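Read the structure below first, then the notes.
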Amino acid sequence: MKQALYIQNSLSGKKEEFKPIHKGFVGMYACGPTVYNYVHLGNCRTFVSFDLVYRYLLHLGYKVRYVRNITDVGHLENDADEGEDKIAKKAKLEQLEPMEIVQKYTLDFHDVLRKFNTLPPSIEPTATGHIIEQIEMIRKIIDNGYAYEINGSVYFDVNKYNESFPYGELSGRKVEELIAGTRDLDGQEEKRSPLDFALWKNASPEHIMKWASPWGIGFPGWHLECSAMSTKYLGEQFDIHGGGMDLKFPHHECEIAQGCSANGKSPVNYWMHGNMLTLNGRKMSKSAGNVVLPNELFSGENLELDKAYHPMVVRFFMMQAHYSSTLDFTSEALNAAEKGFDRLMEAFKTLQSLPAALTSTENTETLIAGFYEAMNDDFNSPVLVARLFEAVKYINSINDKKAGISEKDKESLIGAMKAFIFDVMGLQFKEDQDNSKLNGVMDLVIDLRQDARANKDFATSDKIRDYLSQIGITIKDSKDGASWS
RNA sequence: GGUCUCGUGGCCGAGAGGCUUAGGCACCGGUCUGCAAAACCGGUUACAGCGGUUCGAAUCCGCUCGAGACCUCCA
């Protein structure tokens, strides 16, 4: 099946047909987290968004190399010399070795993303593991004349660069305007222009994380690691680079500048930016302090919420919005997502036990084509979800004997729904698949309850139903017997 | 202050010149049920405001109001 996939490219501002550099292969990079704190739900949204992209590319048959970094060198909190390394700061605070901080929050990150059922990237490189590559890249940039060394630090020369390349093309900024908007910060004397950014910073004696370099003891600048690692694993030019909107400027802009200045060509063909998750209408952000932690959500132990939500409900909630739109987080919206998710998953189960008819009353091919159409249009998962609910309606109608489906169509619909719900959207059933003992027990309970009902002993049957309901099991009676979920 | 984005029904959220009643949730009525739940059928609520372009605008343009993002670390 040949599918034309369109991607909204932040670089051109247009929706473009996706054409990989090497036919059948995709190189994709996404900016990972700085592991100095627990990942919050907003962080997760971006990773789930690019997981969707990754999964759909895989589904289309591409061989994808997906690289997502771990930033384990603390970026400076600001551009001034007094700025403190975030990880080092946290290390002092928690009285831990910086690498203990890194390890602690990396484990948390992996744990949370596993709960969200995101696929692990093909390569997950760390910044500290690529100091040599970063130094090499700096050397290249200096050799090409786009960076200068001063007092053991190396800065990128934005004005020089701007003479040959359009600095600001990604974020739609102009150097003159940027300079006009510059604020005076301390410790900027070393730089030729306030727009210049550090490639390498000289480390003061008390600085904890530092390495030897041709320019002395120091540590790499903010934006360099992504350039160094993407170049190493994906080449000087690759297909897709993703990240949150908030990284567009300056981070991604600097990546382009570093790539162009080191290798003479723009590193990325398709830039994709995921939008923010908002809480009370504001961007969820660590520094702003309005954050929901995934584990609080899963356990229900958060002041804002009155109940727990399954990770898959949260993932489905994210799928109901387009990755490029802001998504507002409220318990009301989550409750709605929970019901919708349950309905979708129940219908999928129902589909498999549906009796086949001679002919179908709906065109399943059109239905399935609609799934692809949605995803081909810049990974439009909310439209995909809407189309899946069309299938849900059809399935339930068949179940109510108001519609029919042929054996052949049933098989293809099962295949397509399975692919889009599980493989592409990355959803899973809430319950463990391995609950054979519980199934046995429930068979007995339902049997006893049916006996009670047959004897019109509704006190007993209702007692069973109410008790089960309290522990989260719903009994559904129908003509063909009861089921539970 | 500069740059940019957005404002859709009770809530979340697609759509982007006519032809989607998008979809989910909520709500109302009906079918089914011992009663519920689920499911099905039907229904209600909409494109921030004001102008303009057009045969036709939620969709394009202008202005007004409102919200947000980036310009400093952030997904």
Side-chain angles (χ1 to χ4, degrees), chain A residues 30-34 36-37 39-50 71 74-80 83-86 168 171-174 177-178 180-183 185 195 222 242-251 273-278 281-288 316-317 320-322 324-344 346-347 350 374 377 380-390 392-393 395-403 453 456-458 461-462 465-466 469 474-479 482-483 485:
Chain A
C31 290
T34 303
Y36 72 104
N37 214 330
V39 273
H40 65 249
L41 204 62
N43 301 130
C44 293
R45 185 189 180 200
T46 298
F47 302 126
V48 168
S49 293
F50 290 107
T71 297
H75 292 160
L76 292 183
E77 296 206 308
N78 60 49
D79 209 6
E84 214 174 347
D85 176 319
K86 273 188 192 170
S171 53
R173 286 164 213 247
K174 295 192 169 65
E177 289 168 359
L178 283 167
T182 306
R183 276 176 282 173
L185 289 171
L195 300 187
W222 317 335
M245 286 280 266
D246 49 357
L247 296 184
K248 203 170 181 180
F249 187 90
H251 187 62
H273 288 95
N275 217 321
M276 300 295 104
L277 184 72
T278 58
R282 296 277 160 119
K283 173 187 175 185
M284 194 176 281
S285 143
K286 284 175 209 169
S287 50
F316 179 74
F317 166 68
Q320 279 189 301
H322 192 252
S324 67
S325 302
T326 55
L327 171 61
D328 197 48
F329 179 89
T330 60
S331 55
E332 205 179 352
L334 268 186
N335 285 334
E338 183 168 51
K339 297 236 171 123
F341 173 76
D342 288 344
R343 202 156 93 87
L344 175 64
E346 278 306 306
T350 303
D377 184 15
N380 198 328
S381 59
V383 169
L384 170 62
V385 170
R387 302 270 160 88
L388 284 166
F389 274 106
E390 285 173 19
V392 168
K393 205 165 195 176
I395 290 165
N396 287 329
S397 291
I398 301 165
N399 198 223
D400 273 16
K401 298 172 177 60
K402 287 172 180 157
R453 294 180 72 209
K456 299 219 185 291
D457 179 8
F458 296 124
S461 69
D462 286 353
R465 187 175 64 198
D466 293 344
S469 165
T474 311
I475 294 280
K476 285 177 282 190
D477 294 323
S478 76
K479 287 201 181 78
S483 61
S485 62

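All values below come from the heavy atoms of this structure, side chains included, with hydrogens, waters and symmetry mates left out. Bear in mind that the values here come from a model prediction, so they are computed numbers and not experimental data. A, B, ... follow the sequence lines: proteins, then strands. Residue 1 opens every chain.
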| What nucleic acid atoms does A/S285 come within less than 4.0 Å of, heavy atoms only: base, sugar-phosphate, or nothing? | base

| field | From A/T326 atom OG1 to A/M245 atom CE, the distance as rounded to the nearest 0.5 Å | value | 9.0 Å

| remark: A/R173 atom CZ is separated from B/U5 atom P, nearest whole Å, by 12 Å

| After noting the C-alpha distance and the side-chain angles of A/F249 and A/L178, does the key distance pass the side chain to side chain contact (heavy atoms under 4.5 Å, CB included) rule? | CA-CA 11 Å; A/F249 187 90; A/L178 283 167; 3.8 Å; yes

| Which heavy-atom pair separates A/S381 from A/A321 by the least distance, and what is that distance? | OG-O, 3.5 Å

| query | Between A/D377 (side chain) and A/N380 (backbone), is there a donor-acceptor pair under 3.5 Å? | reply | no

| request: Indicate whether OP1 or OP2 belonging to B/A39 is found under 4.0 Å from a side-chain N or O atom of A/K401. | output: no

| Got a sec, which residues hit side chain to side chain contact (heavy atoms under 4.5 Å, CB included) with A/S461, two or more places apart in sequence or on another chain? | A/R449, A/A452, A/R453, A/F458

| request: Tell me which of A/M276 and A/R282 sits closer to the 5' end of RNA chain B, going by the nucleotide each one is nearest to. | output: A/R282

| Has A/K283 got a side-chain N or O lying under 4.0 Å from the OP1 or OP2 atom of B/C70? | yes

| message | With a 4.0 Å limit, can you tell me whether A/R343 has a side-chain N or O closer than that to the phosphate oxygens OP1/OP2 of B/G24? | response | yes

| said: Say we look at B/C28 and B/A75: how far apart would their C1' atoms be, to the nearest angstrom? | reply: 42 Å

| said: Is any side-chain heavy atom of A/Q320 closer than 4.5 Å to one of A/L327? | reply: no

Pairs of donor and acceptor atoms involving the side chains of residues 332-339 of chain A, under 3.5 Å and at least two apart or interchain, shall be tabulated with distances.
{"unit_1": "A/N335", "atom_1": "OD1", "unit_2": "A/Y309", "atom_2": "OH", "d": "2.8"}
{"unit_1": "A/N335", "atom_1": "ND2", "unit_2": "A/S331", "atom_2": "O", "d": "3.3"}
{"unit_1": "A/E338", "atom_1": "OE1", "unit_2": "A/K307", "atom_2": "NZ", "d": "2.4"}

| said: Does B/A39 have its OP1 or OP2 closer than 4.0 Å to a side-chain nitrogen or oxygen of A/N396? | reply: no

| request: Quick one: label A/G42 by what it contacts on the DNA or RNA (base, sugar-phosphate, nothing), any heavy atom closer than 4.0 Å. | output: base

| Nearest-angstrom distance, C1' atom, B/G56 to B/G66 | 29 Å

| task | Could you run through RNA chain B and flag its stems, i.e. three or more consecutive Watson-Crick or G-U pairs with both distances under 3.5 Å? | result | B:1-7 with B:65-71, B:10-12 with B:23-25, B:27-31 with B:39-43, B:48-52 with B:60-64

| request: Determine the contact category for A/K393: base if any of its heavy atoms lies under 4.0 Å from a base atom, sugar-phosphate if only primed atoms, P, OP1 or OP2 are that close, otherwise nothing. | output: sugar-phosphate

| Distance in angstrom units between A/I395 CD1 and B/G23 P, rounded | 16 Å

| query | So which heavy atom on A/N43 is nearest to which on A/K286, and how close? | reply | OD1-CE, 3.7 Å

Output one line per pair: protein atom, nucleotide atom from nucleotides 32-34 of chain B, and distance, for all N/O pairs under 3.5 Å.
{"unit_1": "B/G34", "atom_1": "N7", "unit_2": "A/R453", "atom_2": "NH2", "d": "3.4"}
{"unit_1": "B/G34", "atom_1": "O6", "unit_2": "A/R453", "atom_2": "NE", "d": "3.3"}
{"unit_1": "B/G34", "atom_1": "O6", "unit_2": "A/S461", "atom_2": "OG", "d": "3.4"}
{"unit_1": "B/G34", "atom_1": "N1", "unit_2": "A/D462", "atom_2": "OD1", "d": "3.1"}
{"unit_1": "B/G34", "atom_1": "N2", "unit_2": "A/D462", "atom_2": "OD2", "d": "2.9"}

| When the nearest nucleotide of RNA chain B is assigned to A/F389 and to A/G243 on a heavy-atom basis, which residue is associated with the more 5' position? | A/F389

| remark: Interatomic distance, CG@A/D246 vs OG1@A/T46, rounded to 0.5 Å, equals 7.0 Å

| Taking CD from A/E338 and C1' from B/G24, how many angstroms apart are they, rounded to a whole number? | 13 Å

| Looking across every strand, which nucleic acid part, if any, lies under 4.0 Å from A/L277 by heavy atom: base, sugar-phosphate, or nothing? | base

| query | At under 4.0 Å between heavy atoms, what does A/K339 touch on the DNA or RNA strands: base, sugar-phosphate, or nothing? | reply | sugar-phosphate

| Any donor and acceptor pair, going by atom type alone, linking the side chain of A/R45 with main-chain N or O of A/N275 inside 3.5 Å? | yes

| request: Assign A/G32 to base, sugar-phosphate, or nothing according to its heavy-atom contacts below 4.0 angstrom with the strands shown. | output: sugar-phosphate

| request: Take atom CG of A/D466 and atom C1' of B/A36, then tell me their distance rounded to the nearest Å. | output: 9 Å

| field | By side chain to side chain donor-acceptor pair (under 3.5 Å) - contacts of A/D328 (at least two apart) | value | A/T278

| task | Measure from the side-chain N and O atoms of A/S469 to the backbone N and O of A/R465, and report whether any donor-acceptor pair falls under 3.5 Å. | result | no

| request: To the nearest 0.5 Å, tell me how far A/I395 CD1 sits from A/E346 CD. | output: 11.5 Å

| message | Please report the distance, rounded to the nearest Å, between CZ in A/F249 and P in B/U72. | response | 7 Å

| task | Please report, rounded to the nearest Å, how far the C1' atom of B/C6 is from the CG atom of A/N275. | result | 9 Å

Check: protein-nucleotides 12-19 of chain B nitrogen or oxygen pairs below 3.5 Å:
{"unit_1": "B/G13", "atom_1": "OP1", "unit_2": "A/D328", "atom_2": "N", "d": "3.0"}
{"unit_1": "B/G13", "atom_1": "O2'", "unit_2": "A/Q320", "atom_2": "O", "d": "3.2"}
{"unit_1": "B/A14", "atom_1": "OP1", "unit_2": "A/H322", "atom_2": "N", "d": "2.7"}
{"unit_1": "B/A14", "atom_1": "OP1", "unit_2": "A/S325", "atom_2": "OG", "d": "2.9"}
{"unit_1": "B/A14", "atom_1": "O3'", "unit_2": "A/N380", "atom_2": "ND2", "d": "3.4"}
{"unit_1": "B/G15", "atom_1": "OP1", "unit_2": "A/N380", "atom_2": "ND2", "d": "3.0"}

